[in-house]
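What follows is a set of notes on a single structure, which appears directly below.
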2 protein chains.
Amino acid sequence: MPIRPATDPQSAPAPHLSDMDLVSDAVSTRKRLKRDESLYRTGQAFNALYGVFSGFFKSCVVLEDGRDQITGFHMAGEVIGLDGISTARHAANIVALEDSEVCVIPYDHLKDPALQRQLHKVMSRALVRDQGVMLLLGSMRAEQRLAVFLLNLSQRLAARGYSANEFHLRMSRIDIGSYLGLALETVSRLFSRFDAERLIEVDQRHVRILDAAALRAVVFPPHES
Amino acid sequence: MPIRPATDPQSAPAPHLSDMDLVSDAVSTRKRLKRDESLYRTGQAFNALYGVFSGFFKSCVVLEDGRDQITGFHMAGEVIGLDGISTARHAANIVALEDSEVCVIPYDHLKDPALQRQLHKVMSRALVRDQGVMLLLGSMRAEQRLAVFLLNLSQRLAARGYSANEFHLRMSRIDIGSYLGLALETVSRLFSRFDAERLIEVDQRHVRILDAAALRAVVFPPHES
DNA sequence: CGTCACTTTGAGCAGCTTCAAACCGGGTGG
DNA sequence: CCACCCGGTTTGAAGCTGCTCAAAGTGACG
């Protein structure tokens with residue numbers, strides 16, 4: 001994982017800088033996690049960021065009274081731990097959804113200005129992503145939320161060289177429901193309905209996308225006029 | 001607005017670093033905006049961050065089909081524009097809700113490593129705040145959302161020296177509804193109900209908090225057992 | 001073979017949205 | 001100065017979406 005040169009934010013679109021550019025060869029400590037193991041918990045002292053090397057994670061925030069909310073899923077090539085920088089304590093729980101491997105990036109080692117700029121980009125991208133989730137949670141119907149979720153997952157997998165149309169869900173219906181602000185039963189019913197309508201094929205956690213265009217049409221209902 | 005020295009993230013909680021520490025005397029260009037004027041729009045080229053000096057802003061994201069979502073409100077002392085760093089184009093619209101003044105912080109001028117660290121903190125705090133909003137949108141009932149909104153507003157105003165218990169809402173019911181993922185009528189009804197229950201007093205956009213503890217109890221329903 | 005966690009499916013209900021109408025306050029122009 | 005208008009707000013009534021509760025189905029694992 002070489003360190004790429006920093007690019008000026010004004011310049012033409014950078015040729016696909018990966019989040020993982022933050023990972024320098026020099027300081028690459030790895031850490032393995034088993035399924036259901038947690039990388040860090042709320043309140044834990046912050047001292048490093050983590051680049052996901054392999055595997056799959058969920059992050060969630062928990063309220064005093066037990067209510068919780070899954071705020072994101074993270075796959076290979078993404079950086080997690082950003083929530084800890086502001087207070088030097090982590091503000092979320094990160095749990096591995098399958099056996100995974102992360103690369104530890106001690107925050108102190110990020111002195112290089114170019115790398116810091118790269119970190120800005122990574123954080124900014126996370127902010128923009130969060131805005132998208134807010135839009136989803138704040139103004140979409142259940143079917144649209146699930147469609148967005150599937151399309152987004154498909155696109156991210158494709159970007160990593162996996163099949164865009166057929167994949168295995170690492171997370172439970174409860175997790176999906178929590179992420180999308182829906183009851184698990186609603187998620188299950190929607191999977192069944194999308195299957196019945198031949199938008200997708202579902203068998204438990206195995207999903208095949210049959211009609212991506214139709215899924216997009218669920219999200220952006222065509223004007224009737 | 002002096003530049004405060006960077007603090008090590010490991011060290012004891014920093015003595016209230018303000019977001020505005022990013023604003024250096026040397027490069028303080030100001031910009032005035034009238035009510036309803038927009039600071040920037042989606043797609044516009046990014047080249048600076050903005051520190052809010054006075055006034056009040058809303059930020060919102062818009063979908064192709066017109067659906068939109070207000071993703072935050074911003075008051076004096078907060079930094080906006082962070083969404084533009086990742087792609088060098090802004091990903092949201094920022095609109096002034098009253099005559100306002102911002103301080104322009106050209107991104108290029110943020111070379112000092114200490115300042116960059118400070119920027120990391122600001123962004124990280126924004127990420128944590130967003131997680132809170134997701135929790136709100138994903139797992140709270142309407143009354144809880146409004147209570148959180150009011151308590152949060154109260155707390156932020158207090159932190160800036162304004163009254164915590166009495167204030168003027170700068171945004172419309174529609175804006176509040178959009179932010180909280182509710183219809184404007186629901187927001188209005190809840191205001192009326194909170195008023196009837198003597199949690200608050202409302203007259204149009206003027207709000208007085210009568211019983212903050214009870215508002216908190218709305219958010220965290222006391223265990224019945 | 002039984003258990004256990006997860007998923008599917010059904011039925012009824014509640015909370016919130018939608019539609020509709022009235023109200024309120026401020027600004028404008030006759 | 002008043003009438004009117006207009007955006008924003010309040011309130012009511014009806015309907016639908018998604019939740020809750022409940023029960024049965026599925027697959028993995030000991």
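Chain A is the first sequence line, chain B the second, and so forth, proteins listed ahead of strands; every chain is numbered from 1. Not measured: the values here are computed from a predicted model.
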Using whole Å, report how far [atom1] of [X] lies from [atom2] of [N].
X: A/Leu190; N: C/dT7; atom1: CG; atom2: C1'; result: 14 Å
X: A/Arg145; N: D/dC19; atom1: CZ; atom2: C1'; result: 13 Å
X: A/Leu180; N: D/dC19; atom1: CG; atom2: P; result: 11 Å
X: A/His168; N: D/dA28; atom1: NE2; atom2: P; result: 10 Å
X: A/Arg193; N: D/dT17; atom1: CZ; atom2: C1'; result: 11 Å
X: A/Leu184; N: D/dA23; atom1: CG; atom2: P; result: 17 Å
X: A/Leu97; N: C/dA5; atom1: CG; atom2: P; result: 18 Å
X: B/Glu185; N: C/dC23; atom1: CD; atom2: C1'; result: 15 Å

Do B/Arg170 and B/Phe73 form a cation-pi contact, if we require the NZ or CZ to be under 6.0 Å from the six-membered ring centre and within 45 degrees of the ring's axis?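 Relative to the ring axis of B/Phe73, which defines the angle, B/Arg170 lies outside at least one limit.
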
Between [X] and [N], is there a side-chain N or O to OP1/OP2 distance below 4.0 Å?
X: A/Thr186; N: D/dG18; result: no
X: B/Ser192; N: D/dT11; result: yes
X: B/Ser172; N: D/dG7; result: no

Verify the neighbour count for atom CZ of A/Arg205: are there more than 12 heavy atoms of other residues, nucleotides or ligands below 6.0 Å?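 It does: A/Arg205 CZ has more than 12 such atoms within range.
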
| request: Please confirm whether the backbone N or O of A/Thr42 pairs with a side-chain atom of A/Asn93, one donor and one acceptor, at under 3.5 Å? | output: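 Such a contact is found between A/Asn93 side chain and A/Thr42 backbone.
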
State whether the distance check finds a donor on one side and an acceptor on the other, under 3.5 Å, for side chain A/Arg189 versus base D/dT20.
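Answer is yes: a donor-acceptor pair is held.
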
>> Between B/Arg173 and A/Val187, which residue's closest nucleotide on DNA chain D lies nearer the 5′ terminus?
In response: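 Result: B/Arg173.
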
Could you check A/Arg141 against A/Asp203 and say which one's nearest nucleotide on DNA chain D is further toward the 5' end?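 Here A/Arg141 is the residue nearer the 5' end.
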
task = Classify the nucleic acid contact of A/Leu182 as base, sugar-phosphate or nothing, counting any heavy atom under 4.0 Å across all strands shown.
result =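 Contact class for A/Leu182: sugar-phosphate only.
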
| query | Within the structure shown, what part of the strands sits under 4.0 Å from A/Gly181 by heavy-atom distance: base, sugar-phosphate, or nothing? | reply |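 Since only primed, P, OP1 and OP2 atoms lie under 4.0 Å of A/Gly181, the category is sugar-phosphate.
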
Notebook entry, point to check: Between B/Tyr40 and B/Asn47, do the side chains contain an N or O donor and an N or O acceptor separated by less than 3.5 Å?
Noted result: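 The criterion, which ignores hydrogens and geometry beyond distance, is not satisfied for B/Asn47 and B/Tyr40.
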
Worked check of ring pair (Phe, Tyr, Trp, His ring centres under 6.0 Å) between A/Phe167 and A/Tyr162: CA-CA 8 Å; A/Phe167 46 86; A/Tyr162 298 100; over 10 Å; no

Review point. Closest to the A/Arg205 side chain: D/dC19, C/dC6, D/dT11?
Key: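 In terms of side-chain proximity for A/Arg205, the closest of D/dC19, C/dC6, D/dT11 is C/dC6.
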
